[in-house]
Amino acid sequence: MGDPHQTHHTLLQRACNLQNEHAWSEFVQIYRRFILYILTELGVARDDVEDVAQQILVSLTRDLPSYDRSRSRFRTWLSAVIRNAAHVHFKKQNSQRRRLRALEDERATDTESSDPEISQLIEREWSTYISNLAMER
């Protein structure tokens with residue numbers, strides 16, 4: 001009997017066939033926890049781990065056939081895929097934070113610069129309203 005932690009290369013070959021749902025389900029059952037663990041260790045937020053893991057599994061449907069057993073162990077290759085996905089996730093988060101800060105800064109600038117204009121408009125309209133009210137009386 002072999003090592004229970006050893007990759008089953010026949011499973012990898014079968015999982016490459018997207019028509020073989022049983023093989024893919026078995027693959028996900030075996031490797032999903034590993035993916036979640038590595039993402040958590042890399043510091044992906046608890047709220048995001050499931051989403052990133054799902055993205056990895058989707059990308060594996062495309063990338064699994066490119067795995068070359070002669071170049072590295074499967075877990076080493078999969079770890080690299082997971083690290084790359086986490087890196088992309090962190091880059092997206094940072095980009096979103098920068099855009100959000102820029103938007104907040106822009107709003108703050110717009111509010112500061114338009115406050116005097118709005119205040120003047122309000123004062124003019126109020127004066128006109130009071131004048132019209134007085135004329136009616």
Side-chain angles (χ1 to χ4, degrees):
M1 236 175 181
D3 179 4
H5 301 292
Q6 187 174 358
T7 301
H8 302 278
H9 293 284
T10 56
L11 172 62
L12 297 180
Q13 291 169 343
R14 288 183 293 128
C16 287
N17 177 0
L18 297 178
Q19 307 306 317
N20 190 338
E21 292 178 23
H22 177 72
W24 182 252
S25 294
E26 187 179 348
F27 176 86
V28 170
Q29 182 181 8
I30 292 171
Y31 291 103
R32 186 175 172 280
R33 269 194 258 146
F34 177 73
I35 292 168
L36 294 172
Y37 175 78
I38 298 297
L39 289 172
T40 302
E41 290 297 308
L42 290 171
V44 175
R46 186 178 304 203
D47 294 342
D48 297 333
V49 168
E50 287 288 339
D51 291 337
V52 177
Q54 190 64 33
Q55 291 169 1
I56 291 168
L57 290 169
V58 168
S59 72
L60 285 174
T61 62
R62 178 192 67 234
D63 297 337
L64 191 56
S66 71
Y67 165 65
D68 182 358
R69 183 177 178 183
S70 67
R71 294 184 69 200
S72 67
R73 291 181 358 186
F74 179 71
R75 280 178 280 166
T76 303
W77 180 82
L78 181 57
S79 295
V81 170
I82 297 167
R83 275 193 312 275
N84 290 340
H87 178 72
V88 167
H89 171 72
F90 292 137
K91 281 179 67 173
K92 283 181 184 177
Q93 275 188 328
N94 288 337
S95 176
Q96 288 171 345
R97 283 188 196 119
R98 279 193 304 274
R99 281 186 271 148
L100 185 58
R101 272 191 235 114
L103 183 60
E104 288 170 350
D105 291 347
E106 184 179 311
R107 284 184 182 162
T109 303
D110 287 348
T111 301
E112 290 169 2
S113 65
S114 64
D115 273 350
E117 295 169 12
I118 291 173
S119 296
Q120 290 172 357
L121 177 65
I122 291 171
E123 285 300 317
R124 271 195 315 262
E125 290 301 316
W126 184 253
S127 295
T128 303
Y129 172 75
I130 294 295
S131 298
N132 289 339
L133 192 59
M135 294 292 260
E136 288 175 13
R137 290 190 180 164

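Heads up: numbering here begins at 1 and tracks the sequence. Note: hydrogens, waters and symmetry copies are ignored here, and every other heavy atom, side chains too, is used.
Counting heavy atoms from C-beta outward, Leu39 and Ile56 have side chains that approach closer than 4.5 Å. Residues Ser95 and Arg99 have side chains in contact (heavy-atom distance under 4.5 Å, counting atoms from C-beta outward). For the pair Val81 and Ile35, the minimum side-chain heavy-atom distance is 4.5 Å or more.
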Evaluation steps, side-chain contact (heavy atoms from CB on, under 4.5 Å), between Asp63 and Trp77 | CA-CA 11 Å; Asp63 297 337; Trp77 180 82; 4.3 Å; yes

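Counting all heavy atoms, side chain and backbone alike, Tyr31 lies closest to His8 at OH-N, 4.4 Å.
With a 4.5 Å cut-off between side-chain heavy atoms of Ile, Leu, Val, Met, Phe, Trp and Tyr, the cluster of Val88 takes in none. Within the hydrophobic cluster formed by Ile, Leu, Val, Met, Phe, Trp and Tyr side chains joined at under 4.5 Å, directly or through other members, Leu18 stands alone, with no partner residue.
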Pair up each side-chain donor or acceptor in residues 126-136 with any protein partner under 3.5 Å, not counting sequence neighbours, and list the distances.
residue, atom, partner, partner atom, Å
Ser127, OG, Glu123, O, 3.0
Thr128, OG1, Arg124, O, 2.9
Ser131, OG, Ser127, O, 2.9
Asn132, ND2, Thr128, O, 3.4

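Every pair tested for ring pair (Phe, Tyr, Trp, His ring centres under 6.0 Å) that includes a residue from residues 81-102 fails, sequence neighbours excluded, so the list is empty. Among residues at least two apart or in separate chains, salt bridge (Lys or Arg N to Asp or Glu O under 4.0 Å) pairs with a member in residues 42-55 are Arg32-Glu50. Applying the salt bridge (Lys or Arg N to Asp or Glu O under 4.0 Å) rule to pairs touching residues 11-24 yields Arg14-Glu26, sequence neighbours excluded. The ring pair (Phe, Tyr, Trp, His ring centres under 6.0 Å) analysis of residues 40-66, with sequence neighbours excluded, yields no pairs. Sorted by first and then second residue, the ring pair (Phe, Tyr, Trp, His ring centres under 6.0 Å) pairs involving residues 32-58 (not counting sequence neighbours) form an empty list.
Scanning for side-chain hydrogen bond (donor to acceptor under 3.5 Å, both in side chains) contacts around Arg62 gives an empty result, with sequence neighbours left out. Arg97 is linked by a side-chain hydrogen bond (donor to acceptor under 3.5 Å, both in side chains) to Asn94, counting only residues two or more places apart in sequence or in another chain. Scored by the ring-ring contact (aromatic ring centres under 6.0 Å, His included) test, Trp24 finds Phe27 as partners (sequence neighbours excluded). With sequence neighbours left out, the salt bridge (charged side-chain N to carboxylate O under 4.0 Å, His left out) criterion links Arg33 to no other residue.
Distance check, rounded to the nearest 0.5 Å: CG of Leu12 to CZ of Phe74 gives 5.0 Å. Note that OG of Ser79 is 11.5 Å distant from CD of Glu41, once rounded to the nearest 0.5 Å. In this structure, CZ on Arg75 lies 10.0 Å from CG on Leu78, to the nearest 0.5 angstrom. Taking CG of Leu64 as the reference point, atom CG of Asn17 lies at 11.0 Å (rounded to 0.5 Å).
For the side chain to side chain contact (heavy atoms under 4.5 Å, CB included) with Asp68, the qualifying choice from Ser70, Ser72, Ser66, Pro65 is Ser70, the only one to do so.
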